[in-house]
There are 2 protein chains.
Amino acid sequence: MPAQPALKPLNTDQLKTVCSSCSLRELCLPMGLSETEIERLDQLVSTRRRIKRGENVYRAGDPFASLYAIRSGFFKSNVILEDGRDQVTGFHMPGEIVGMDGISTDRHACNATALEDSEVCVIPFARLEEASRQVRSLQRQFHKVMSREIVRDQGVMMLLGTMRAEERLAAFLLNLSQRFVARGYSPAEFHLRMTREEIGSYLGLKLETVSRIFSKFQDEGLIGVQQKHIRILHVDGLKAMLGHHT
Amino acid sequence: MPAQPALKPLNTDQLKTVCSSCSLRELCLPMGLSETEIERLDQLVSTRRRIKRGENVYRAGDPFASLYAIRSGFFKSNVILEDGRDQVTGFHMPGEIVGMDGISTDRHACNATALEDSEVCVIPFARLEEASRQVRSLQRQFHKVMSREIVRDQGVMMLLGTMRAEERLAAFLLNLSQRFVARGYSPAEFHLRMTREEIGSYLGLKLETVSRIFSKFQDEGLIGVQQKHIRILHVDGLKAMLGHHT
DNA sequence: GACCGGGGTTGATCTACGTCAAGGCGCAAA
DNA sequence: TTTGCGCCTTGACGTAGATCAACCCCGGTC
């Protein structure tokens, strides 16, 4: 085997996963489950997939079979509109579950695209349903995860329906900050994985507007921006923007 | 009992309900279940509540205990913002299930307000979970109902994020029309239960804009409007508006 | 039958954000 | 090092929809 590389390429690897030893278990599906209950989860969440930047976990129209727990990396949910525009409907980070849009019609309704090289745990849905018929607390937890998605979406609807551009951006940054904190990262300093255009698409704004408002926030000393690197300098200032509809 | 009225007032009545004989069962939770499975549902969906116009099934902050299937009438989901404005996040008609926002935190995240005198079937959530641990197809159906809510919300997000005022209104009317059809009503002629302001709040527009666009559609022969009575005269014309982002 | 008030319409004007356009920065390939 | 290409920034200008304001319509009440 002289000409063989030491490791074969990993793009399609099926790696062994266990929830019970996962550092994200307090955020993810295992949240609130006992040790033995988590072991039941281990039985069904048996593989993970690596997704390269730009690739999709699933695409709109794909048959639905599994949910995916993000183990590492960063994703956007998006739909390609008839006119070719890419409409972003969400951003997702480790510990979050994607794919629930597929349950209702047995086909996915959107794409889940990696914004950086990432890894997801595959949760075969039929087996999750089976397990949650047996383990009450798992059933409960899964229902909470779905409900949280509903509440989150309604929050975005309100953002889009009522807020002005600056408020949207402020809310967006604060939301990201919170989610980073929950994952043990700095609340004040982080790296945006998405472009201005993707942020704009998600927030119902144009990329120029996003850029301008970042600059404005910077001029006002609220944040520091250089390219995709963000520092939040004055959280309360950002919070104060919300709800001030002029 | 001479001075007694023949019937006591019904506002707080607990009436017996059965899914198995309900005309909405093909739209509602029983969808796709067998006769015997629906009988299992009958055991838990035992009461219904009358809700007068303007009253709430639940309010934001209320402890969560049940879901509610709309049996008759019309509802909006809404949140009262700090500044007192009433932000509408959805409209609901018979056969739809409301209250799923409460699962994630055990408290409701919004109000469900009746837009006309209505009736809902109370579905105690603990018992629904119990039954769906026993009846596989009920579990599946319930998951589909939740997923449909997620997909629906994402559709609204896209509407708010990408469409212009006329497109939003056109999409709104077509959506109502479809939902009326599914319930056996005319797709072309219906009564709006909500005010222009509520429509605007839902669509991220001001009531004047809604009013103006209704008038415009009328001038163009797309619809007939008189107050809350709507006739759709030219469905294809409305459909053609979607996706034309000039 | 007169009154009243909530909802709806319509016009005139204002403005937040979109659009168009010209550069600039940073990274990767040549 | 140069070239090219995303991605971002910034300015000048245009416009969809908000705002402000007057008025109307209709259903309920006294």
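Computed over heavy atoms, backbone and side chain alike; hydrogens, waters and symmetry mates excluded. Letters A, B, ... are given to chains in the order of the sequence lines, protein chains preceding strands, and every chain is numbered from 1.
If you take CG of A:Leu207 and P of C:dG23, they are 18 Å apart, rounded to a whole angstrom. Distance, A:Met163 CE to C:dA16 C1': 17 Å, rounded to whole Å. One atom, CG of A:Leu192, and another, P of D:dT9, lie 10 Å apart when rounded to the nearest Å. Distance CZ (B:Arg168) to P (D:dA16): 14 Å, rounded to an integer number of Å. As rounded to whole Å, 13 Å separates atom P of C:dC27 from atom CZ of A:Arg53. The distance from atom NZ of B:Lys228 to atom P of C:dG7 is 7 Å, rounded to the nearest whole Å. The interatomic distance linking B:Arg193 (CZ) with C:dG7 (P) rounds to 17 Å, in whole Å. The separation between B:Phe214 atom CZ and C:dG7 atom C1' is 13 Å, rounded to whole Å.
Between B:Tyr202 and B:Phe91, the distance from one ring center to the other falls under 6.0 angstrom.
The residue from A:Arg85, A:Lys76, A:Arg193 that alone fulfils the salt bridge (charged side-chain N to carboxylate O under 4.0 Å, His left out) condition with A:Glu198 is A:Lys76.
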(request) Apply salt bridge (Lys or Arg N to Asp or Glu O under 4.0 Å) to B:Glu119 and B:Arg49, showing your working. (result) CA-CA 6 Å; B:Glu119 249 182 336; B:Arg49 270 175 60 196; over 6 Å; no
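Side-chain proximity of B:Val225 to the nucleotides D:dT9, D:dC7, C:dT9 is greatest for C:dT9.
Here B:Gly204 lies in heavy-atom contact (under 4.0 Å) with sugar-phosphate atoms only. Backbone-only contact: A:Leu205 has heavy atoms under 4.0 Å from sugar-phosphate atoms and none from a base.
Of all the heavy atoms in A:Ile150 and B:Met100, the pair that sits closest is CD1-CB, 4.2 Å. Among all heavy-atom pairs drawn from B:Pro94 and B:Leu24, the shortest one is CB-CD1, 3.8 Å.
No side-chain donor-acceptor contact under 3.5 Å links A:Asn111 and A:Asn56.
Two end axes, each from the C1' atoms of five base pairs, can be drawn for the helix from C:dG1-D:dC30 to C:dA30-D:dT1; they diverge by 30°, to 10 degrees.
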Please tabulate, for the side chains in residues 221-233 of chain A, all donor-acceptor contacts under 3.5 angstrom to protein atoms that are two or more places apart in sequence or on a different chain.
from, atom 1, to, atom 2, distance (Å)
A:His229, NE2, A:Glu189, OE2, 3.0

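Of the side-chain N and O atoms in B:Thr195, none sit less than 4.0 angstrom from OP1 or OP2 of C:dG6. Distances shorter than 4.0 Å separate none of the side-chain N or O atoms of A:Ser211 from OP1 or OP2 on D:dT10. Contact annotation: A:Arg196 reaches the phosphate of D:dT9 (side-chain N/O to OP1 or OP2, under 4.0 Å).
Ring geometry for B:Tyr58 versus B:His108: interplanar angle under 30°, hence parallel rather than tilted (30 to 60°).
Interatomic distance, OG1 of B:Thr209 versus NZ of B:Lys216, reported as 12.5 Å (0.5 Å rounding).
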(message) For nucleotides 19-27 of chain D, give me one character per nucleotide, 5' to 3': B if any protein heavy atom sits under 4.0 Å from the base, S if the only such contacts are to the sugar-phosphate, - if neither.
(response) BB-------
